Asks: 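Handing you a structure now.
As the structure is a prediction and not an experimental result, all values here were calculated from the model.
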Amino acid sequence: MADSDRPRPADPDAAESRTASPLAGKKRAQQSPGLRSKYQSSAPGHCFKKVTLTKPTFCHSCSDFIWGIIGFLCEVCNFMCHEKCLKTLRKACSSMTPSLVQVPVAHCFGPAGQKKRFCCVCRKQTEGSTALRCEVCELHVHADCAIFTCADCRSCHLDGILEQDTFHHHWREGNLASAARCEVCRRSCGSSDVLAGMRCEWCGITSHAACYLAVPAECTLGRLRCMLLHPACVRLDSRNFSKMHCYRIAESCSHELDNSDDADLSAAAAPASKDGQPAASESGKQFLKVFDGDDAVKRGFFRLVSITKNEEVVEAALRAFYLPDDPQDFELHEIGGLQRLHSDDILNRNGGPDNRNSLKDGGDSWLLKAKPRVTEVIKVYTDWPRSGVAFISVSVSDSSTTSSVLAEVLSKLDRQEEDLSKFSLLEVCMSSKQVQRQTLTPQEKLLDKLREIRKVSLRQMNQTRFYIVENKNRAVRVELLIGGLPPLLTTEKYTQLIEEHLAIKSHLVTISNFYLNQGAVALQISCFAEAERIYMLAKDTSINNKTLTSLVIPGITHNTLGEDVCPLLVFVNPKSGGLKGRELLYGFRKLLNPHQVFDIMNGGPLAGLHTFREVPRFRVLVCGGDGTVGWVLGGLEAVRHKLTCREPPIGIIPLGTGNDLARILRWGPGYSGEDPYHILVSVYEADEVLMDRWTILLDAQDVSEDGKDNDFLEPPKIVQMNNYFGLGIDAELSLDFHLAREDEPDKFTSRFHNKGVYVKVGLQKISHTRSLHKELQLHVDGQEVPLPNIEGLIFLNIPSWGSGADLWGSEVDSRYEKPSIDDGLLEVVGVTGVVHMGQVQSGFRSGIRIAQGNYIRLTLRKPIPVQVDGEPWIQPPGHIIISAAGPKVRMLRKSKQKQKKSSANMRDGHSDSPSSRDGH
């Protein structure tokens with residue numbers, strides 16, 4: 001950013017006016033008697049005026065109620081405060097946000113949730129479907145305010161360009177819970193009525209806007225430190241990839257912001273009346289369409305600026321664009337005409353000619369332009385961490401080049417003896433959607449560059465910085481995970497497919513890992529352009545009518561992880577539990593490093609397991625139904641040999657319908673909106689337990705009398721079982737439910753509706769009879785077991801079935817051992833029909849105990865419905881063998897006692913939940 005270096009009058013009143021507000025910096029001699037006075041504050045950028053309050057109002061600084069009828073309102077960002085808070089105010093205006101950025105990081109905008117939030121730009125409440133939120137941090141904005149945000153998101157990885165030596169708090173204002181307490185004064189700092197209070201988006205501590213600067217700058221990551229992936233341990237060369245690609249966020253989430261770029265911004269710019277509607281009809285007001293540069297004119301982006309009697313037009317235009325510059329340095333030009341309006345032209349000034357007529361008669365579209373400047377002062381920031389100086393101010397003129405600026409900066413840093421060719425000047429545009437970097441040539445004229453940027457867009461100039469960087473020959477390493485390939489091929493065949501369809505350059509691309517069962521390969525690429533080309537090409541390539549997937553994979557420097565750190569790998573199925581899955585995905589991305597949170601519908605569990613393959617110790621949290629848990633357990637089994645931590649313990653957040661495994665591990669029957677922070681604390685304090693897993697070999701050989709010579713109807717299939725395996729009426733109901741859900745998936749968004757469908761299909765089968773004992777033969781541990789007259793046969797690994805029912809029963813029987821999830825035995829139970837199943841669900845009866853063993857062999861004489869962990873199909877006649885599947889898996893069981901203790905600690909306030917983060 002640059003400042004004008006023209007001489008200023010030595011008038012103390014003028015100096016005081018400029019201190020009070022950069023937007024009101026004009027000579028007192030130019031002010032008309034009726035011009036509104038501005039009030040001084042200790043925070044930069046604000047332009048306060050005294051207003052009369054007509055409704056209950058709260059202070060944005062201390063969050064207290066404003067008693068009386070007088071308040072002070074910033075005309076730029078709508079910040080409201082007491083008169084007493086003006087002197088202690090520390091929170092800068094929205095127009096100053098670009099100057100406060102430490103490391104530029106773009107936002108990932110998506111549609112906002114349903115909770116009440118306040119816009120971080122205009123400070124008004126966000127409403128309706130046009131509100132946006134960042135998927136990584138707590139930035140909430142209106143869709144038409146998003147273009148005035150800058151790249152001030154959390155820095156979640158190192159990219160080798162702009163980095164910090166110490167890890168600082170990342171403060172975000174407002175949207176705190178009402179119960180939030182200030183870390184400094186311990187008074188309440190949250191508010192549900194206004195945008196008030198500050199919160200660190202890493203450790204979660206909260207503070208008043210007047211107190212947060214007293215908090216030590218270094219962040220310790222708070223209570224979740226031991227499960228959080230520290231940004232300094234994550235390396236990602238992301239120059240050509242957006243943050244949506246880096247965090248594997250579905251690209252559909254960004255369409256609303258893209259659409260907002262094509263919208264008419266006049267609605268946001270127009271002042272609003274008390275009911276929120278533009279007050280265009282108010283007497284004494286008129287509106288102008290103002291553009292901030294050639295790009296805005298070309299795209300039709302304008303702000304509708306209101307002008308009233310005795311108000312300066314240029315100043316109002318700067319406020320509308322959130323620009324903290326001096327109005328004396330700007331002027332308005334009529335688009336398509338020759339008229340020009342300077343900053344010292346005031347409407348109806350001193351009873352003179354009415355300039356409004358000249359504005360309206362010539363047209364209502366005007367271009368806000370910077371006046372020509374002979375010299376300017378630019379701030380050059382340093383990219384090396386321990387320089388001790390944030391930026392160096394340098395004066396540039398028509399003769400100033402990149403080389404001369406670099407030489408002056410090095411001289412001021414006492415490094416003038418170093419070789420100038422080892423340094424470059426980097427131009428960084430910190431727009432909200434993408435951080436764009438450009439290295440300037442040594443002979444480039446800096447003043448011409450500033451004029452060029454301002455001509456394109458004044459907003460862009462406000463969001464542009466210059467950095468002095470050391471030239472480093474860093475090795476580029478971009479890793480992509482390509483999925484969707486045919487499974488179970490040879491490594492040579494995968495190499496051939498990749499070379500054929502993606503036309504990779506062998507001297508730039510290396511295939512580092514093959515995942516044969518999943519049909520995926522990992523590529524290491526040493527060129528940004530080649531990585532971007534392969535990434536985009538893979539998404540448009542199909543093999544065997546299946547589109548390939550492409551994901552950017554971060555690198556984890558596992559040797560820099562602390563000894564006490566056990567990072568949590570999170571998988572979320574956003575399609576489970578209605579909208580709750582998506583909200584959990586958003587909540588965990590905010591609380592943890594987004595590089596450790598994976599949308600399982602985007603690349604499956606392989607993407608997360610491949611990312612954590614070299615981490616020596618980690619835990620896994622699966623948010624979904626029993627099917628999602630089985631998916632992750634199956635993926636873990638398939639790639640276990642490639643992991644340094646081969647048996648990570650797994651916790652569950654139940655989002656499905658039955659959630660039987662989650663029930664017996666104490667995670668509850670279903671997610672009902674608990675605070676994600678408290679969930680993570682429970683995972684941290686959970687106990688590790690072992691659980692059996694079973695392999696089912698489905699050999700579909702036709703053994704009926706009519707098909708003895710048919711051999712195999714299909715090749716043998718291997719399925720992993722975690723919870724239970726059912727044949728007959730139980731599987732038939734699951735199959736009917738599955739088919740109904742496939743026909744109308746949009747209706748199956750709640751557990752209540754799903755269970756209602758189960759009841760409906762059950763009633764339809766109530767008169768159904770099937771003599772299952774005549775259709776199959778059972779052997780347990782090598783012994784044939786006669787079957788009673790039953791309609792369903794179920795093999796249990798866990799003591800929960802059909803949404804929490806105890807099918808085995810609690811009666812003591814000396815013939816059988818007490819069931820356990822790690823006893824190495826399966827319980828074999830029968831049911832006589834739908835009525836019997838209903839009685840078991842109601843707790844009136846239990847199933848018919850048949851056997852208990854660790855090796856099961858079934859012979860099917862007819863096609864029979866079967867289901868494994870809720871996934872049903874029709875199994876042809878043949879053999880089925882069930883046996884133990886290798887080593888037991890480690891699961892996380894919620895600890896009751898530790899949970900009570902943690903709840904007590906939270907009430908003490910020493911580890912307050914950044915539930916404040918989620919507004920709970």
Asks: Please report, to 0.1 Å, the donor-acceptor pairs under 3.5 Å made by any side chain of residues 515-523, with sequence neighbours excluded.
Replies:
{"from": "Y515", "atom 1": "OH", "to": "H610", "atom 2": "ND1", "distance (Å)": "2.6"}

Asks: Apply salt bridge (Lys or Arg N to Asp or Glu O under 4.0 Å) to E583 and K580, showing your working.
Replies: CA-CA 5 Å; E583 288 303 308; K580 294 178 181 178; over 6 Å; no
Asks: Would you check if L480 and I553 make a side-chain contact, meaning some heavy-atom pair closer than 4.5 Å?
Replies: no
Asks: Quick check: closest heavy atoms across A538 and I482, and the distance to 0.1 Å?
Replies: CB-CD1, 4.0 Å
Asks: Looking only at the aromatic ring of each residue, does the gap between the centers of F167 and W202 stay below 6.0 angstrom?
Replies: yes
Asks: May I ask you to decide if the ring planes of H245 and Y535 are parallel, tilted or perpendicular, using 30° and 60° as cut-offs?
Replies: tilted
Asks: Can you name the residues that form a ring pair (Phe, Tyr, Trp, His ring centres under 6.0 Å) with Y247, not counting sequence neighbours?
Replies: H595
Asks: Taking the side chain as every heavy atom from C-beta outward, state whether T126 and V141 have any pair of such atoms under 4.5 Å apart.
Replies: no
Asks: After noting the C-alpha distance and the side-chain angles of I525 and I534, does the key distance pass the side-chain contact (heavy atoms from CB on, under 4.5 Å) rule?
Replies: CA-CA 9 Å; I525 308 168; I534 293 175; 3.9 Å; yes
Asks: Is the backbone N or O of L502 less than 3.5 Å from a side-chain atom of R533, with the two atoms forming a donor-acceptor pair by type?
Replies: yes
Asks: Starting at CD of E871, measure out to CD of Q867 and round the result to the nearest 0.5 Å.
Replies: 9.0 Å
Asks: Between the side chain of Y586 and the main-chain N/O of A112, is any donor-acceptor distance below 3.5 Å?
Replies: no
Asks: Which residue pairs pass the salt bridge (Lys or Arg N to Asp or Glu O under 4.0 Å) test when at least one of the two sits in residues 591-613, sequence neighbours left out?
Replies: E479-R613
Asks: With distance as the sole test, does Q720 use its side chain to make a donor-acceptor pair with the main-chain N or O of G634 at under 3.5 Å?
Replies: no
Asks: With side-chain contact (heavy atoms from CB on, under 4.5 Å) as the criterion, how do L680 and L592 come out once you've worked through the C-alpha distance, each side chain's angles and the decisive distance to 0.1 Å?
Replies: CA-CA 9 Å; L680 293 177; L592 301 171; 3.9 Å; yes
Asks: Of all residues at least two apart in sequence or in a different chain, which pass the side-chain contact (heavy atoms from CB on, under 4.5 Å) check with D869?
Replies: M721, N722, N723
Asks: For D152, what residues pass the salt bridge (charged side-chain N to carboxylate O under 4.0 Å, His left out) criterion, not counting sequence neighbours?
Replies: R172
Asks: To the nearest 0.5 Å, what is the distance between CG (L489) and CG (L497)?
Replies: 6.5 Å
Asks: Under a 3.5 Å distance rule, please check whether T490 uses its side chain to pair with a backbone N or O of K493 as donor and acceptor.
Replies: yes
Asks: Would you give the length of the straight line joining atom SG of C150 to atom CD of Q463, rounded to the nearest 0.5 angstrom?
Replies: 6.0 Å
Asks: Does T541 reach the side chain of T547, with side-chain heavy atoms less than 4.5 Å apart?
Replies: no
Asks: Is the backbone N or O of H107 less than 3.5 Å from a side-chain atom of E135, with the two atoms forming a donor-acceptor pair by type?
Replies: no
Asks: Which atom pair, heavy atoms only, marks the closest approach of P616 to T644?
Replies: CA-CG2, 3.9 Å
Asks: Looking only at heavy atoms, which two atoms of R477 and D237 are closest? And how far apart?
Replies: N-OD2, 3.0 Å
Asks: Just by distance, no angles: are the side chains of Y467 and R465 close enough, under 3.5 Å, to form a donor-acceptor pair?
Replies: yes
Asks: Applying side-chain contact (heavy atoms from CB on, under 4.5 Å), can you list everything that pairs with L508, at least two apart in sequence or on another chain?
Replies: K505, S526, C527, E530
Asks: Are C120 and T149 close enough that some pair of their side-chain heavy atoms sits under 4.5 Å apart?
Replies: no
Asks: For W873 and Q875, which I'm curious about, is there any donor-acceptor pair between the side chains at under 3.5 Å?
Replies: yes
Asks: Supply the atom-to-atom distance I652 CD1 to I650 CD1, rounded to the nearest 0.5 angstrom.
Replies: 8.0 Å
Asks: Taking the side chain as every heavy atom from C-beta outward, state whether N573 and V622 have any pair of such atoms under 4.5 Å apart.
Replies: no
Asks: Checking T549 now: which residues fulfil side-chain contact (heavy atoms from CB on, under 4.5 Å) with it, not counting sequence neighbours?
Replies: none
Asks: Looking only at non-hydrogen atoms, find the nearest pair between V428 and P104 and report the distance.
Replies: CG1-CG, 4.3 Å
Asks: Do the side chain of R154 and the main chain of V136 share a donor and acceptor less than 3.5 angstrom apart?
Replies: yes
Asks: Test your reading of the model: is there a side-chain donor-acceptor pair from R646 to the backbone of H641, 3.5 Å cut-off?
Replies: yes
Asks: Going by heavy atoms in the side chains, are F598 and T611 under 4.5 Å from each other?
Replies: yes
Asks: If we ignore hydrogens and angles and just use 3.5 Å, is the side chain of N544 paired with the main-chain N or O of K546 as donor and acceptor?
Replies: no
Asks: Got a donor-acceptor contact below 3.5 angstrom from the R459 side chain to the S431 backbone?
Replies: no
Asks: What pair of heavy atoms forms the shortest contact from A146 to F109, and how long is it?
Replies: CB-CZ, 4.5 Å
Asks: Contact between P231 and N593 at the side-chain level, heavy atoms closer than 4.5 Å - yes or no?
Replies: yes
Asks: Given 3.5 Å as the limit, does a donor-acceptor pair link the side chain of N602 with the main chain of R248, or not?
Replies: yes
Asks: Salt bridge between E138 and K590, side-chain N to carboxylate O under 4.0 Å?
Replies: yes
Asks: Please identify each residue that fulfils ring pair (Phe, Tyr, Trp, His ring centres under 6.0 Å) with F514, with sequence neighbours left out.
Replies: none
Asks: Would you please name every residue forming a ring pair (Phe, Tyr, Trp, His ring centres under 6.0 Å) with H170, sequence neighbours left out?
Replies: none
Asks: Looking at every heavy atom in both V597 and F588, which two are closest together, and how far apart are they?
Replies: CG2-O, 3.7 Å
Asks: Could you tell me which residues satisfy ring pair (Phe, Tyr, Trp, His ring centres under 6.0 Å) with F618, sequence neighbours excluded, listed by chain and number?
Replies: F612
Asks: With sequence neighbours excluded, give me every side chain to side chain donor-acceptor pair (under 3.5 Å) pair touching residues 551-560.
Replies: T557-T560
Asks: If I take atom CH2 from residue W667 and atom CG from residue L661, how far apart are they, to the nearest 0.5 angstrom?
Replies: 11.5 Å
Asks: Can you find a pair of side-chain heavy atoms, one from L584 and one from I679, that are under 4.5 Å apart?
Replies: yes
Asks: First locate atom CG of L236, then atom SG of C156, and finally report the distance between them rounded to the nearest 0.5 Å.
Replies: 10.5 Å
Asks: Between D295 and S457, do the side chains contain a donor N or O and an acceptor N or O under 3.5 Å apart?
Replies: no
Asks: List the steps, then state whether side-chain contact (heavy atoms from CB on, under 4.5 Å) holds for L485 with I498.
Replies: CA-CA 9 Å; L485 297 166; I498 291 296; 4.2 Å; yes
Asks: Go through R640 and V889 one step at a time and tell me if the side-chain contact (heavy atoms from CB on, under 4.5 Å) criterion holds.
Replies: CA-CA 11 Å; R640 187 188 305 274; V889 294; 4.2 Å; yes
Asks: Sequence neighbours excluded, which residues qualify as side-chain contact (heavy atoms from CB on, under 4.5 Å) partners of P887?
Replies: E647
